[in-house]
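Remember, it's a predicted structure, so these values are computed and weren't measured experimentally.
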Amino acid sequence: MANQRWLLRGLVFIIWGAALNHGMPPQNPVRCNQTGCVLYNAYGVWGDRKDCKAPTVVYPTTEEELRLEVANANKNNQKVKVVTKSSHTIPKLACPTENAVLISTERYNSTIDVNIDSLSVTADAGVGLRDVIDRVEKAGLSLVASPYWEGVSVAGVISTGSHGSSWWGKGGAVHDHVIGLKLIVPANQSEGYAKVVNLQARDPIFNAAKVSLGMLGVISKVTFSLERAFKRSITFNFTNDDGIGNEFMEHAKKYEFGDIQWYPSRHTAVYRYDNRVPLNTSGDGIFDFLGFQSNAVLVSKATRASEKAFDNAKNNDGKCTLASSFVGYKKLIANGLKNNLIFTGYPVIGHQGKMQTSGSCLYTPETRKDVSCAWDPRINGLFFYESTAIFPAKKFADFISDVKKLRDMNPKNFCGVDIYNGILFRFIKASDAYLGQSEDSLVIDFNYYRADDASTPRLNQDVWEEVEQMAFFKYGAKPHWAKNRNLAFLNVQKKYPNFNKFLAVKKDLDPKNMFSSEWSDEIFFGKEGVKGDGCALEGLCICSEDKHCSPGKGYFCQQGLVYKEARVCRYLSSSKS
């Protein structure tokens, strides 16, 4: 056991040491041949593991070209779906039907217009978030909110409600910093079959359009509010998790960009002390988040192989050793914070544009094939689920209490999630977006092992199914629109007070449902698919019979251990009980 521990710890150091390199860039999400095109997400596999086919894809480069594509589709009674350059959305929101045109905004990315007088920036829909941030910072301004991952376009980042962390000011959701956008919608023949609608905050449909899931029309341009440039000071405090359920409120109030990372199996909470500081404060640090750096391909594959071997052998101890090593190393190097080239001590102070978002594995020459993003599907590296639940703040402490009860039954069962990033808490302020958050909220994100094929059960999968169902059904958490397994969206429309207002705007702007598909409707309306053998293994259903799990491999449909109403696939070592 001791030799195994030292071997794995050595592996961790090799993994993250390799992160100093840059690797091959992600593949284009749309790949075509003589028979048509297939749309992928960045992870290479959709929730149902089925291909997303499109007859054709077009690449407009201007707003007029974009309008003409919508007009042509409308004239010919075709559906329309839009995909961005990176395609990091996990659900099939962008998947088109057979009679559809797939529009890529990859080449519609030439305009970034910074207006210093009005403290705003307007960008084409396909412009990357990093390009906007760098241009804004160069002008002596700062964009306040962004997600932690920068591999998104400006239209994509607002369409799905992406966010950072803050209850201060306008809050951590990027769409709440949008002050204008242009939307291309269907029109009648006299208007050329499509028109550009210029929306400002005072327009009655603005609150529908700024989080639209691509279901109202095609976003053409986005205008964000800005502030005068500022710096941030970040310190991570690794400590015991005893008070985590009582301390999150005060933490959010005290730190403008604070978050909390919880490693349940390690009984560890990491409090991020993160506030803005004056621009003349000394420091030129960056936050190059560890999980978004490049990894050596061979080591990524070895890490996946180790996790897979532990999973198949039902070896909790092996997973716990990995988790302990990862958490220890993250503490050592401050999770990717760098005072200059390396981390030398807290606090790390740097310009807002260098501290708010990261994704260095995105930027790499095609000639490098030995390093990549760790989840790149070409390398058989990390392969995982990501669940994200958004809670009303007043319910969150009770959820944490329940998770602790489940953890305390056997902390080793939680080691699998701590191999990744534990459970990340972030803060989103109440929003007037119809598909945004109606009250101040807490968001949790957690990643966990996904099997190579749909029929293979996973070690401790019942634990994560119970946490998942506890979040979405016992506590009524909303799912993040761009993440999650399908079951998280069941009855989602009942969780949004303004859902019917959004539907009314959709009916007005898109009366023929041009921008809908069976896959986006499945998510948007929270429909459960047809239940079949093994459907619960992939989160395509909640089990109600043993056949929805994998009885042949010893996994049966059972009730939850803490949340008794949960129905989970649990391994029973001897016989069903």
Answer whether the closest heavy-atom distance between the side chains of [X] and [Y] falls below 4.5 Å.
X: Arg31; Y: Tyr40; value: yes
X: Leu216; Y: Phe502; value: yes
X: Phe384; Y: Trp375; value: yes
X: Glu64; Y: Leu68; value: yes
X: Arg485; Y: Tyr385; value: yes
X: Ser387; Y: Tyr448; value: yes
X: Ile444; Y: Phe391; value: yes
X: Lys210; Y: Tyr434; value: no

Any pair counted as ring pair (Phe, Tyr, Trp, His ring centres under 6.0 Å), so long as it reaches residues 152-176, sequence neighbours left out: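 Applying ring pair (Phe, Tyr, Trp, His ring centres under 6.0 Å) to every pair that reaches into residues 152-176, excluding sequence neighbours, yields His163-His480, Trp167-Phe427.
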Verdict with reasoning, Arg130 to Asp134, per salt bridge (charged side-chain N to carboxylate O under 4.0 Å, His left out): CA-CA 6 Å; Arg130 170 50 59 189; Asp134 287 349; 3.0 Å; yes
Option passing side chain to side chain contact (heavy atoms under 4.5 Å, CB included) with Ser431 (candidates Asp176, Asp440, Asn207):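 Only match with Ser431 under side chain to side chain contact (heavy atoms under 4.5 Å, CB included): Asp176.
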Within a radius of less than 6.0 Å around [atom1] of [X], do more than 12 heavy atoms belonging to other residues, nucleotides or ligands occur?
X: Arg228; atom1: CZ; answer: no
X: Gln200; atom1: CD; answer: yes
X: Gln189; atom1: CD; answer: no
X: Lys429; atom1: NZ; answer: yes
X: Lys170; atom1: NZ; answer: yes

Report yes or no: does [X] contribute a side-chain atom to a donor-acceptor pair with the main-chain N or O of [Y] at less than 3.5 Å?
X: Lys75; Y: Tyr193; answer: no
X: Asn115; Y: Val121; answer: no
X: Gln261; Y: Asn421; answer: yes

Ring centers of Trp519, Phe489 separated by less than 6.0 Å: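 Ring centroids of Trp519 and Phe489 are no less than 6.0 Å from each other.
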Validation row, ring centre Phe446 to ring centre Phe425 under 6.0 Å: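 No - the distance between ring centres of Phe446 and Phe425 does not fall below the 6.0 Å cut-off.
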Please determine whether a side-chain nitrogen of the Lys or Arg among [X] and [Y] lies less than 4.0 Å from a carboxylate oxygen of the Asp or Glu.
X: Lys92; Y: Asp48; result: yes
X: Lys221; Y: Asp113; result: no
X: Asp521; Y: Lys527; result: no
X: Arg450; Y: Glu538; result: yes

Under 3.5 Å, is there a donor-acceptor pair linking the side chains of [X] and [Y]?
X: Lys483; Y: Thr160; value: no
X: Ser190; Y: Asn188; value: yes
X: Thr84; Y: Ser153; value: no
X: Thr97; Y: Asn99; value: no
X: Glu522; Y: Asn486; value: yes
X: Ser87; Y: Asn41; value: no
X: Lys79; Y: Ser516; value: no
X: Ser142; Y: Glu227; value: no
X: Thr388; Y: Asp445; value: yes
X: Asn74; Y: Lys512; value: yes
X: Tyr43; Y: Asp376; value: no

Minimum heavy-atom separation for [X] to [Y], with atom names?
X: Ile428; Y: Gln437; result: CG2-CG, 4.1 Å
X: Leu66; Y: Pro60; result: CD1-CG, 3.5 Å
X: Ile523; Y: Val492; result: O-CG1, 3.6 Å
X: Ala374; Y: Asn295; result: CB-ND2, 3.4 Å
X: Gly476; Y: Lys495; result: O-CD, 3.8 Å
X: Leu183; Y: Gly217; result: CD1-C, 3.9 Å

Derivation and outcome, side chain to side chain donor-acceptor pair (under 3.5 Å), residues Lys506 and Ser212: CA-CA 9 Å; Lys506 177 170 173 55; Ser212 67; over 6 Å; no
Candidate pair Lys301 and Val297, rule side-chain contact (heavy atoms from CB on, under 4.5 Å), full reasoning: CA-CA 6 Å; Lys301 293 174 72 170; Val297 169; 3.9 Å; yes
Cation over ring face, Arg272 and Tyr255, 6.0 Å, 45°: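 Cation-pi check for Arg272 and Tyr255: fails.
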Geometric cation-pi criterion Arg426 and Tyr148, 6.0 Å radius, 45° cone: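 So Arg426 does make the cation-pi contact.
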side-chain contact (heavy atoms from CB on, under 4.5 Å) between Arg67 and Lys195, worked out: CA-CA 7 Å; Arg67 190 196 68 79; Lys195 61 184 178 182; 5.6 Å; no
Pairs flagged by disulfide (SG to SG under 2.5 Å) wherever residues 118-212 is involved - sequence neighbours left out: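 As it turns out, there is no disulfide (SG to SG under 2.5 Å) pair with a partner in residues 118-212 once direct neighbours are skipped.
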Disulfide (SG to SG under 2.5 Å): pairs with one or both residues in residues 48-127, sequence neighbours excluded: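 Listed once each, the pairs are Cys52-Cys95.
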Verdict with supporting geometry, Thr35 and Asn33, side chain to side chain donor-acceptor pair (under 3.5 Å): CA-CA 6 Å; Thr35 61; Asn33 57 29; 2.7 Å; yes
From CA spacing to verdict: side-chain contact (heavy atoms from CB on, under 4.5 Å), Phe472, Asn484: CA-CA 11 Å; Phe472 294 117; Asn484 290 300; 3.5 Å; yes
Steps toward side-chain contact (heavy atoms from CB on, under 4.5 Å) verdict (Gln356, Ile133): CA-CA 10 Å; Gln356 66 187 123; Ile133 289 172; 3.7 Å; yes
Plane angle bin for Trp149 and His88 - parallel if under 30°, tilted between 30 and 60°, otherwise perpendicular: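 The rings of His88 and Trp149 stand perpendicular, inter-plane angle above 60°.
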Pair Ser220-Glu63, side chain to side chain donor-acceptor pair (under 3.5 Å): steps then yes or no: CA-CA 6 Å; Ser220 171; Glu63 183 174 79; 2.6 Å; yes
Side chain to side chain donor-acceptor pair (under 3.5 Å) assessment of Ser118 paired with Ser120: CA-CA 6 Å; Ser118 66; Ser120 66; 2.7 Å; yes
